[in-house]
**Q** 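Can you keep this structure in mind? I'll have questions shortly.
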Amino acid sequence: MIRKLIPFVAAVAVLMAACAAPAAQAPAPTEAPAPTKAPAPTEAPAPTQAPAPTEAPAPTQAPAPTAEPSTGVDAITLSKDNPTEILFWHRYSGSAQQFVEQFVEKFNAENAFGIKVTVEKIDGSYADLYSKINAAIEGGTPPNIAQAYQNQASFYRLDGNVIDLAPFITSKKYGLTQAEIDDYFAFFLESDKNPQFPGEVLGWPTSRSAAVLYVNLDWLKELGAEAPPKTLAELEELACKASDPANERYGLAWQNDISNFAALVFANGGRVLSEDAKSYVFNSEAGVEALSLLKRLFENKCAVEIPSAERNGEQTRFAAQKVLFTMSSSTGLRFYADAVAKSDKPFRFTYVMFPQKDPAKPVVDIYGASWSVFKSTPEKELASWLFLKAFTEPDNIAGWANASSYMAVRKSAAPKAIEAVKADERFKDFPEAAEAYARLYDMVAYGAVEAPVAGYDPVRKLMSEVVTAVAIKGEGDVKEALDKAVAEANAVLKENAPSGY
């Protein structure tokens with residue numbers, strides 16, 4: 001059974017725009033967040049039949065010890081003599097797609113379990129991938145593995161269509177050691193745990209990005225600023241100082257990506273979803289301040305909207321020096337470098353942590369689609385887990401970070417990803433940009449997740465409509481609009497909550 005697919009939003013494409021571009025990141029990482037504990041193993045099923053008694057040993061000889069029978073995940077056997085075939089759906093393109101396809105070819109040739117992975121690129125947006133997966137579930141033919149944002153994995157989980165990976169992670173035979181678990185950035189592992197399904201792991205982190213502020217350093221210097229803004233007040237002041245609407249130059253380029261709005265809410269000290277995940281709270285004082293700031297920027301002609309139809313509009317206008325700042329994903333660093341290098345007058349640029357209300361207490365929106373495993377047979381589920389595990393081995397994930405520009409999800413892979421960026425010829429003339437990549441992992445310690453619950457996609461649409469109406473068009477009252485959106489969002493949350501939650 002599958003629940004009726006919630007009406008969809010351009011917002012999904014937005015949320016995923018962060019992943020549409022490759023990403024990379026890594027400074028010599030700062031002290032990593034405290035490691036997460038491995039999920040507790042599920043209770044092994046009781047054997048249905050007692051083992052047949054063995055012949056008693058001779059009285060003069062001690063009985064030979066017998067091994068405990070394998071149970072649960074450990075009891076599953078895969079063999080090259082009987083290959084296990086699995087299907088992986090993704091929407092990567094360019095060098096990221098090439099890396100995945102090459103990895104699959106190598107994995108199929110070398111893995112010891114007889115696993116054969118077929119990889120299929122789904123054309124279109126993340127919204128298209130989400131719709132296709134739901135249609136496949138309804139038709140009884142879902143893939144074995146697919147990219148899924150945390151809220152989407154939760155939606156699939158409502159009817160048992162994705163599986164809990166915890167038993168595989170903790171398997172003595174096929175799982176990870178504590179040292180291996182500790183090598184993953186703790187925040188990335190935690191973000192795939194959904195409060196609606198306590199103790200379960202509904203995806204495996206392969207890709208993460210951060211919401212950051214891109215800055216034209218030369219223009220900033222012309223304005224008399226020695227450094228990028230650290231506070232929201234400084235951001236507003238500099239954006240308005242830079243704006244010259246008569247010449248179509250603005251302080252801030254704004255594309256109505258709700259992850260950008262969420263980043264503003266976090267920067268004001270707020271949350272999108274309550275801590276217990278039972279209500280939306282983006283109408284708090286922090287939400288009001290975030291929306292009010294946007295409203296002032298548009299009213300004072302200090303910001304310009306980038307229509308979603310204007311592909312790569314932020315990068316293009318930034319490279320043309322039509323905007324001083326853009327809010328965007330860290331994944332875009334290489335694309336920004338390419339755009340600036342091709343401009344009529346290249347300039348120094350970088351990205352920084354998004355400015356905060358209180359820089360002493362920063363919060364950064366970190367997001368990214370994980371890979372989820374869909375319910376099938378025990379053998380295919382195990383094969384899927386072993387593929388995920390292999391893909392995120394340190395050397396592999398370092399190569400993936402370089403190819404895709406996402407953060408490396410393991411601490412030991414981060415230095416290699418950093419070196420790859422420093423060695424990239426495109427950054428030869430943009431050293432500040434390369435250094436930004438090196439500092440990216442500092443932000444992981446301050447990471448926050450928007451709303452990893454089922455039904456967040458239509459809620460993003462509600463949030464987008466509020467930002468458009470109130471901030472961009474100047475219609476209605478900030479608090480009233482946010483209160484109305486939160487009431488509707490909570491109805492969606494309740495409708496898509498697990499039974500008894």
Side-chain angles (χ1 to χ4, degrees), residues 6 8-9 11-12 14-16 18 36 130 148-158 186-203 205 208-211 256-291 354 356-357 361-370 444 446-467 478-479 481-501:
I6 303 173
F8 227 144
V9 294
V12 177
V14 183
L15 171 102
M16 322 333 190
T36 55
Y130 182 53
Y149 275 83
Q150 292 71 31
N151 56 293
Q152 295 171 341
S154 300
F155 183 76
Y156 302 141
R157 174 64 182 83
L158 288 174
F187 175 76
F188 298 160
L189 292 180
E190 286 298 318
S191 64
D192 280 308
K193 297 177 183 178
N194 189 308
Q196 293 178 319
F197 303 97
E200 296 189 15
V201 179
L202 301 183
R208 291 294 186 269
S209 309
N256 203 7
D257 175 343
I258 288 311
S259 288
N260 288 338
F261 179 66
L264 267 178
V265 174
F266 290 151
N268 274 287
R271 303 176 62 97
V272 173
L273 189 70
S274 65
E275 196 166 354
D276 64 5
K278 293 189 176 181
S279 62
Y280 283 97
V281 291
F282 56 85
N283 61 336
S284 64
E285 181 180 349
V288 169
E289 290 180 354
L291 190 56
F354 195 75
Q356 306 284 314
K357 179 180 180 180
K361 299 176 181 178
V363 183
V364 179
D365 192 4
I366 294 180
Y367 41 69
S370 292
V444 176
Y446 311 115
V449 177
E450 293 172 30
V453 291
Y456 183 46
D457 294 306
V459 170
R460 286 174 65 83
K461 184 174 187 296
L462 290 170
M463 296 166 74
S464 178
E465 290 170 349
V466 168
V467 171
V478 170
K479 177 61 172 169
L482 287 172
D483 286 346
K484 182 175 183 294
V486 162
E488 294 177 24
N490 285 335
V492 173
L493 180 62
K494 183 177 181 180
E495 181 182 351
N496 289 280
S499 177
Y501 183 76

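Every heavy atom of this structure was used, including side-chain atoms; hydrogens, water molecules and symmetry mates were not. FYI, the numbering just counts along the sequence from 1.
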**Q** Nearest heavy-atom pair of Glu450 and Asp365: which atoms, and what distance?
**A**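 Closest approach of Glu450 to Asp365, heavy atoms only: OE2-OD2, 2.6 Å.
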**Q** Minimum heavy-atom separation for Val364 and Ala211, please, with both atom names.
**A**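 Looking at all heavy atoms of both residues, the shortest contact is CG1-O, 4.1 Å.
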**Q** Which residue, Asn283, Val281, Val467, forms the side chain to side chain contact (heavy atoms under 4.5 Å, CB included) with Leu482?
**A**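 By the side chain to side chain contact (heavy atoms under 4.5 Å, CB included) criterion, Leu482 pairs with just one of Asn283, Val281, Val467: Asn283.
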**Q** Taking side chain as C-beta onward, heavy atoms only, is Phe155 less than 4.5 Å from Asn151?
**A**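 No, their side chains stay 4.5 Å or more apart.
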**Q** Return the set of residues passing salt bridge (Lys or Arg N to Asp or Glu O under 4.0 Å) with Lys479 (not counting sequence neighbours), or none when no residue passes.
**A**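 For Lys479 the salt bridge (Lys or Arg N to Asp or Glu O under 4.0 Å) partners, ignoring immediate neighbours, are Asp483.
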**Q** Look up atom CG in Leu273 and atom OG in Ser279, then write down how far apart they are to the nearest 0.5 Å.
**A**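 If we round to the nearest 0.5 Å, Leu273:CG and Ser279:OG are 7.0 Å apart.
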**Q** Quick check: Tyr156 with Tyr130 (ring centres under 6.0 Å apart)?
**A**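 Centroid distance Tyr130-Tyr156: below 6.0 Å, so yes.
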**Q** With no hydrogens and no angle check, is any side-chain donor or acceptor of Asn194 less than 3.5 Å from a backbone partner on Pro452?
**A**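 Such a contact is found between Asn194 side chain and Pro452 backbone.
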**Q** Got Leu158 and Phe197 here, is their nearest side-chain heavy-atom distance under 4.5 Å?
**A**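 Yes, close enough: below the 4.5 Å cut-off.
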**Q** Distance check, rounded to the nearest 0.5 Å: Phe282 atom CZ versus Met463 atom CE?
**A**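 Result: 5.0 Å between the selected atoms.
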**Q** Rounded to the nearest 0.5 Å, how far does CG of Asn268 lie from CD of Gln356?
**A**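 So the gap between those two atoms works out to 8.5 Å.
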**Q** Is there side-chain contact between Phe261 and Leu291, with at least one heavy-atom pair below 4.5 Å?
**A**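 SC-SC contact between Phe261 and Leu291 confirmed.
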**Q** Do you know the tightest heavy-atom contact between Gln196 and Tyr501?
**A**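 Smallest interatomic distance, heavy atoms only, reads CA-CE1, 3.6 Å.
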**Q** Work out which heavy atom in Glu275 is nearest to a heavy atom in Arg271; give both atom names and the distance.
**A**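 In this case the closest contact between Glu275 and Arg271 is CA-NH2, 3.4 Å.
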**Q** Could you pull out all residues at least two apart from Lys484 that satisfy salt bridge (Lys or Arg N to Asp or Glu O under 4.0 Å)?
**A**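 For Lys484, the residues satisfying salt bridge (Lys or Arg N to Asp or Glu O under 4.0 Å) (neighbours in sequence not counted) are Glu488.
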**Q** What class does the angle between the rings of Tyr280 and Tyr456 fall in, given that below 30° is parallel, 30 to 60° is tilted and above 60° is perpendicular?
**A**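 The arrangement is parallel - the two ring planes meet at less than 30°.
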**Q** If I compare all heavy atoms of Pro458 with all of Val492, which pair ends up nearest, and what's the gap?
**A**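 Pro458 and Val492 have their closest heavy atoms at CG-CG1, 3.9 Å.
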**Q** Would you name the heavy atoms of Val453 and Ser154 that are closest together and state the gap between them?
**A**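 Closest approach of Val453 to Ser154: C-CB, 4.1 Å.
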**Q** Atom CG of Leu264 and atom CD1 of Ile258: how far apart are they, to the nearest 0.5 Å?
**A**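 Leu264 CG to Ile258 CD1: 10.0 Å, rounded to 0.5 Å.
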**Q** The test is side chain to side chain contact (heavy atoms under 4.5 Å, CB included); show your working for Phe187 and Val449 and say whether it passes.
**A** CA-CA 9 Å; Phe187 175 76; Val449 177; 3.6 Å; yes
**Q** For Asp257 and Arg460, what are the C-alpha separation, side-chain angles and deciding distance, and is it a side chain to side chain contact (heavy atoms under 4.5 Å, CB included)?
**A** CA-CA 9 Å; Asp257 175 343; Arg460 286 174 65 83; 3.4 Å; yes
**Q** Look at the side chain of Asn496 and the backbone N and O of Ala454, then say whether any donor-acceptor pair between them is shorter than 3.5 Å.
**A**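 No, the answer is negative, given that no donor and acceptor are paired below the 3.5 Å cut-off.
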**Q** Among all residues two or more places apart in sequence or in another chain, which pass the side chain to side chain donor-acceptor pair (under 3.5 Å) test with Asp192?
**A**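 Asp192: side chain to side chain donor-acceptor pair (under 3.5 Å) contacts with Gln150, Arg208, Ser370.
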